[in-house]
Amino acid sequence: MSPVNSDDSSGEVLGGAGRPLTRKELRTQQKVQGTEGQDVIPPQAFETGEDITPAAPGAGPGADDADVHADDAVQTPPIHGADAPDRPAAAPTVHEEPVPAAPVHDDAVLDEPVLAAPVHEDAAHQGSVHDEPEYYEPVHEYAGGVAGEDAVHYQADGRPAEYHEEGGHVVLAGGAAIPTSKGPSKKVGRRRRFLALLLSLSVFIVAVAVGAQFLKPLLGGDTAADYPGPGTGEVLISVPPGAGPRSVATELEAKKVVADADTFLREFVASGGALAPGDFTMRNEMKNSDAVAVLLNKDQGKVMYFALSAGLRIGESLEAISAGTGVPVAQLKELSDSPTQFGVPAKATNLEGFLAPGEYRFPLGTPAKEVLQKLVTTTLDELTSQGVTDPAKQYDVVTVASIVQAEGGQAEYGDVAGAIYNRLKPGNLETNGLIQSDATVTYGLGIKSFHIDEDQKADKSNPYNTYANQGLPVGPIGSPGKTAIDAAAKPKTNDYLYWVTINLDTKETLFSKTLAEHNTYVAKYNAWCEDNPGRCV
């Protein structure tokens, strides 16, 4: 057999059928093929998976060659003489040209089969190379296998034994460093971004929570929605006619009966109950449900409860108290007929006028005297709040207030009180000191009526007859409410001497300065009575 090619620099045989070619010899063979047939696929393309640019036209055996590092041993491809082009039997000397080392990728498999054209000896055409490469099996090293300075030894992970990394580059024994990527994988990058996002979200949530704690007091968010109850002390709540739940809720919060008006209002609306006017005795810091129960009288079975309307006479008031407490009327009347024990003015003969109207609740078994004392104290406290502290003056104010309560509507209480004081002024020839109130006359007669005759008006024996007797009657004619007491304590300044209620449903009251004008208003009242039979009796 004749050699295919020779290396002048080394003097070793290039290849033969009896041994595998080294990488150095294989690349030398490639160069020869590049000069003779430019369409031959270089074996390096199969080794690395990358295209290698063929030698430029005109590059021949005389081109300068650099050292080629031989790392792997491969089978020598045989040369088929039939298809090989004609050329001299001995190949020209090939000078090694520097060949850039192909980059090594982390996922490249180094021990995969390498495509190479088999080499055959041909007597006619020695050294000819077949143009069609074929697959060949890789050389595996084992005991007794191929050895030599160009043989490649592999590690357990499939990489060459001389393979190692330095400064982020792959380095093969005797070869140039090949750059490799040391950056984090895509999976690691995604994990880092996720963790960064999670950390940012956590910081944001913590910041919002901390900020809310600082802003809560400013926004009123720390206001208690309800008190635990049951509450302490006593608080009087007055619900005037026409008042709505919202205004009552606001008053309850202002007086610290309930913690929050809005939550109380929701509780009241949810109960489905209706708000009734009156005075309610409540406690400080009550539960919303308990306050609602008081306003709706739901706890009557647990306490002694009764309600007094404004304008009731003493007998009517004692009957209502007896019905709510179970105390006999006779026992209550006996207590009332000894008024000085309750702190009322000495002129009083009983508790008439001093039993403040409103709703009351007392624990079961509360003594009768304690019940009456509560009502009297409420009236005396209202007089004191209006600056009326002298006992004699207190009695007169309560008396005027009882007439105001009986004679006029709430809107006109101040004017009625002013007109009463005008009639009582000394030297007033128009009235001669006479109040002339129908309500006082009927009280003295022990009846209830809107009409009295001339004989009743002339009866001086009736101490409550303000038509026949000058000045105030001998005492109050009923229980005045807070509004009437306030009007009597601080009346409106006016020139009125007469008044008449012309509509008993609306309590519309008209005022006049002369008797002639007053008579025209009385005619309106009579007309209303004709239009409403049975009402003016």
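Along the sequence shown, residues carry numbers from 1. From a predicted model like this one, the values you see are computed outputs, not experimental measurements.
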Next on the checklist: Less than 6.0 angstrom from the centroid, inside 45 degrees of the normal: does Arg423 satisfy that with respect to the ring of Tyr498?
Outcome noted: yes

Checklist entry - Between Leu383 and Lys393, is any pair of side-chain heavy atoms under 4.5 Å apart? => result no

Checklist outcome for this item: Scanning both residues in full, the closest heavy-atom pair of Tyr496 with Lys513 reads CD2-CG, 4.2 Å

Next on the checklist: Which residue is it: Glu407, Gln405, Lys492? I am looking for the one with a side-chain hydrogen bond (donor to acceptor under 3.5 Å, both in side chains) to Tyr413.
Outcome noted: Gln405

Item to check | Atom of Gly471, atom of Thr466 and distance for their closest heavy-atom approach | outcome: O-CG2, 4.2 Å

Checklist entry - Does the salt bridge (charged side-chain N to carboxylate O under 4.0 Å, His left out) test come out yes or no for Lys333 and Asp337, once each step is laid out? => result CA-CA 6 Å; Lys333 185 177 184 304; Asp337 289 344; 2.8 Å; yes

Checklist entry - Would you call Tyr464 and Val474 a side-chain contact if the rule is heavy atoms closer than 4.5 Å? => result yes

Checklist entry - Does the side-chain hydrogen bond (donor to acceptor under 3.5 Å, both in side chains) test come out yes or no for Asn422 and Asn428, once each step is laid out? => result CA-CA 8 Å; Asn422 289 338; Asn428 189 331; over 6 Å; no

Checklist entry - Looking at Glu251 and Lys255, does any basic side-chain N land under 4.0 Å from a carboxylate oxygen? => result yes

Next on the checklist: Tell me whether the NZ or CZ atom of Lys457 lies within the 45° cone about the ring axis of Tyr467 and under 6.0 Å from its centre.
Outcome noted: yes

Checklist outcome for this item: Rounding to 0.5 Å, atoms OH (Tyr227) and OG1 (Thr232) come to a distance of 10.0 Å

Checklist entry - Which atoms form the tightest heavy-atom contact between Thr399 and Pro473, and what is the distance? => result CG2-CG, 3.9 Å

Checklist entry - Would you say Glu430 has more than 12 foreign heavy atoms packed within less than 6.0 Å of its CD? => result yes

Checklist entry - Salt bridge check: are Lys448 and Glu316 linked by an N-O gap of less than 4.0 Å? => result yes

Item to check | Between CG on residue Leu318 and OG on residue Ser336, distance to nearest 0.5 Å | outcome: 5.5 Å

Checklist entry - If you take all heavy atoms of Lys460 and Ala468, which pair is closest and at what distance? => result CG-CB, 3.3 Å

Checklist outcome for this item: Smallest heavy-atom separation, Gln394 atom then Thr384 atom, equals NE2-OG1, 4.3 Å

Checklist entry - Do Lys490 and Asp486 sit within salt-bridge range, that is, some charged N less than 4.0 Å from a carboxylate O? => result no

Item to check | Residue pair Leu335 / Leu351, side-chain heavy-atom distance below 4.5 Å | outcome: no

